[in-house]
Every structure is written in C-alpha cells, then in structure tokens.
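Below is one structure; the comments refer to it alone.
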Amino acid sequence: MKILAFETSCDDTAVAIVEDSWKVIAASRISQVEHAAWGGVVPEIAARMHAENWDQALKACLKKAHLEISDIDAIACTQGPGLQNSLLIGTTAASMMSLAYQKPLIPTHHIHGHICSIFLERESLVHNLDDFFPSLVLTVSGGHTQMHAWKSPMHLELLGQSRDDACGEAFDKVAKMLGLGYPGGPIVSRYAEKGDRHAFDLPRIYLEKDSLDFSFSGLKAAIFRILEDKKSHSPQSGAFSEKFIADICASFECAVGRIFEKKIERALERFPETKNICFVGGVSANKYLRTLLTEKLQKIGKNFRVPKQIEYSTDNAAMIGAAAFWQYQTAPDNFSVGMIDAMPKMYL
Ligand code: KG4
Ligand code: ZN
C-alpha cells in the first residue's frame, strides 16, 4: 500500500511516499531558514511558508518517485500536536488531495509518527513483528519527552513523560543562554564533542523512586546559575570562551545521558520481557546519546534501535506515512475520502 504523507507540524514542509510502512519510495523537504534570525520558530512565518511551499514539495516528491497521484492508495497528514496554523496547511492540502483524487484520508498523530520511524527501511522487522514486540520506546523531541511500552504498531502504553520542559527544548534553551543560535540541539552536540563531560557537576533529576517521568527544568536552571556566576566574575570579557562553552555542553549532554540510562534501567525492571529499546524524535539524532545508550544496552544484552537514517529522527513525512499504514491496516473502515481539521487525535 503506497501512502502519500504530509508533515507540517513545525517549520519543515515535508512530503513522502511510503509503501507498507517501511519502503521510502521518495521524500522531499523544504526547510525554513527564515526563523534563524528570530532565535526560534515564529508560528506566523512558519504557516505562511508552508502555504507557499507545500505544492512544490509535493511535485518534487512525485518526480523523485516517478509516480502519478493515480498510483497512490491513500493520503496521510499530521493532524497534531504541533503549531495550529502550520498543521492547518498540511491538513488542508491533504484534504484537498483526498477530495480531488478520491483517495482515503488518514490523519496521523505526530508522536505515533516518530515512534513508527523505527520501521523505515527495515523490511525484515516489519515482516517479523513477533520478534520485535514487546518493546520500549523513548520519544525525545522539541515538544515531548515520553516513555511508552510498545506492544504492537498501534498499541502503546504511556509510562512516563516530562513534567516541565521537553528535553529538546532544554537543548535549545542551553544553546540560547550560551548565545549559540537555533536549533540548539545540533550546535550543543558539536561543542560537546570538544568538551569535558565531567567539568560541571550538574543535577540528574530522577524524581521519585520507580518514576518514569522526566524533569529538565532543574538542569536548565543549574546551567543558568553557572552562567550568571561566570558573568559576575568576569563582567568585562563579554563572550564565554570556547573551552567554557564546550565544557558546559559536554556536561549537559552527560547529565541527559545519565537520566535516560536510569529511566531505561527502571523501565526494564518493570518490563523484563522487553525485546528492543527504541530511541526516536529529534534528540535521537544526537551522536553521543546514541553511542552511550548503544554501549549501555549491549552490556546487558538488549537490542537498541534508533531510526535508520538521521533524517528520520527529526521531523519528516516518511514517519507519518509509516504510522498511517498501521492505522489503515488496523481499521480500514475508519478512513474515507474527506476533509479533516487540525485537531490532534489523542489516542496516545
Ligand atoms: O522531533 P523534532 O524534529 O521536532 C519536534 O517534534 O519537536 O525535534 C526537534 C528537537 C529540537 O529541540 C532540536 O534542538 C533537537 O530536536 N535536536 C537535537 C539534535 N538534533 C535535533 N538535540 C540534540 N542533538 C541533536 N543532534
Ligand atoms: Zn517531531
């Protein structure tokens, strides 16, 4: 089954054609550089750019795939959560395509999309689901930090989530405090490679014994205090030194890594039958965290899975096509030709 998917929840206009949840036939993306000057995504600009770009992204995707719309079986789009006006452009585009070409429309949950990014380019996994489930999945993005027990493609149980900032948001705020620009994750990660992971003793907040929730605001506040202290001791020097920035970034990543290790340990105690631990969402693009968790889980004989390509970690349309496939397979009668609005469907 070939699904044409749109993802416009934030600042990238992405379109992909995905077959049977694993085969990425083609993908195109138009990124919005316009936000960099503002130090973060400006919702109004994002929506306007999606409106300008979606048809170009669609044409590029179809061209790469050497397909016509008539070759497509269904249309999918991110329904939520995300920026409301940005979502509205994607849901309107998908609804128009559904009506014009008489294809069923599959509205998809963004987080289910991130989770299903694990299937992309993994044909044998999709054909041997009994070997894959039950699994655990840690979804870490700019808006969410969640741990789910994952029992089948459509069956997820929320075990814990952030009580304050999302982890990606903490990366972005650390970068902002250091004056490094947006988006912060990749920049912090680049600096961290040159830093000392133990230079600063930052708090690792594990919350109550057995809790699988997360909290990153204390970590962020601790960095704020270190920076204020540094500024008060050298007020005339202005910018922070490269070495200082690298050490802060490295210590921050180290604390985040330790929090994830601890939460995974706790989840495995509760679900010892877990076959795979998956790490998805924008922050799963982080090289240090990928390596740390791979080594940790190898030691205890558990499989660790991240999306096959880095571009499937951050927002992309292929993951939406993958999630839509399972929704359709599970309940085809729920999906018909039609219109939807940009209201998140909260089944997670
Ligand atoms: O999943 P995503 O692309 O969008 C949301 O659904 O939010 O995640 C974006 C987040 C941003 O906070 C960004 O700074 C972070 O993912 N991110 C990273 C890396 N690449 C992106 N964080 C740490 N290391 C990275 N390499
Ligand atoms: Zn996302």
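Every number for a ligand or one of its atoms is a count from 1 in the order of the listing.
- In the model, Arg290 has a side-chain atom that pairs as donor or acceptor with a side-chain atom of Ser313 under 3.5 Å.
- Judged by distance alone, the side chains of Glu193 and Tyr288 never bring a donor and an acceptor atom under 3.5 Å apart.
- Counting backbone and side-chain atoms alike, His144 contributes no N/O/S atom closer than 2.8 Å to the Zn ion (ligand 2).
- Taking backbone and side-chain atoms together, His114 has an N/O/S atom less than 2.8 Å away from the Zn ion (ligand 2).
- The closest protein non-hydrogen atom to atom 20 (N) of ligand 1 is Gly282 O, 3.5 Å.
- In this structure, Glu253 falls outside the shell of residues with a heavy atom less than 4.0 angstrom from ligand 1.
- Looking at Asp315 and the Zn ion (ligand 2) together, the shortest N, O or S contact belongs to OD1.
- Using a 4.0 Å cut-off to heavy atoms of His114, the atoms of ligand 1 that qualify are 1 (O), 6 (O).
- Figure legend: Lys262 and Tyr206 shown as a cation-pi pair, the cationic atom lying under 6.0 angstrom from the six-membered ring centre and within 45 degrees of its axis.
- The closest approach between any non-hydrogen atom of Cys10 and ligand 1 is not below 4.0 Å.
- Looking at heavy atoms from C-beta onward, Met147 lies in side-chain contact with Lys263 at the 4.5 angstrom threshold.
- A donor-acceptor pair under 3.5 Å is absent between the side-chain atoms of Ser234 and the main chain of Lys231, judged by distance alone.
- The heavy atom nearest to atom 24 (N) of ligand 1, considering only Thr78, Thr314, Asp315, Asn286, is found in Asn286.
- When atom types are taken as modelled, the side chain of Thr78 and the backbone of Gly80 share no donor-acceptor pair closer than 3.5 angstrom.
- Residue-to-ligand polar distances keep Gly281 apart from ligand 1: every N/O pair is separated by 3.5 Å or more.
- For ligand 1, none of its N or O atoms has an N or O atom of Phe171 under 3.5 Å away.
- Taking every non-hydrogen atom of Gly142 and a distance limit under 4.0 Å, the qualifying atoms of ligand 1 come out as 5 (C), 7 (O), 8 (O), 9 (C), 10 (C), 12 (O).
- Looking only at side-chain heavy atoms (C-beta outward), Gln79 and Thr108 stay at 4.5 Å or farther from each other.
- Between His50 and Asn53, the closest side-chain pair of non-hydrogen atoms is not below 4.5 Å.
- Ligand 1 places these atoms under 4.0 Å from at least one heavy atom of Gly168: 12 (O).
- Close approach to Asp172 involves these atoms of ligand 1, each under 4.0 Å from a residue heavy atom: 11 (C), 12 (O), 13 (C), 14 (O).
- Heavy atoms of Lys287 stay at 4.0 angstrom or farther from ligand 1.
- By the 6.0 Å and 45° rule, Lys194 stacks over the aromatic ring of Tyr191.
- Between Trp54 and Thr8 the shortest side-chain heavy-atom distance does not fall below 4.5 Å.
- The part of His110 lying near ligand 1 is the side chain, judged by heavy-atom distances below 4.0 Å.
- Looking only at protein heavy atoms, the nearest one to atom 22 (N) of ligand 1 is Gly185 CA, 3.3 Å.
- A donor atom on one side chain and an acceptor atom on the other are found under 3.5 Å apart for Asp315 and His114.
- Ligand 1 places these atoms under 4.0 Å from at least one heavy atom of Gly143: 7 (O).
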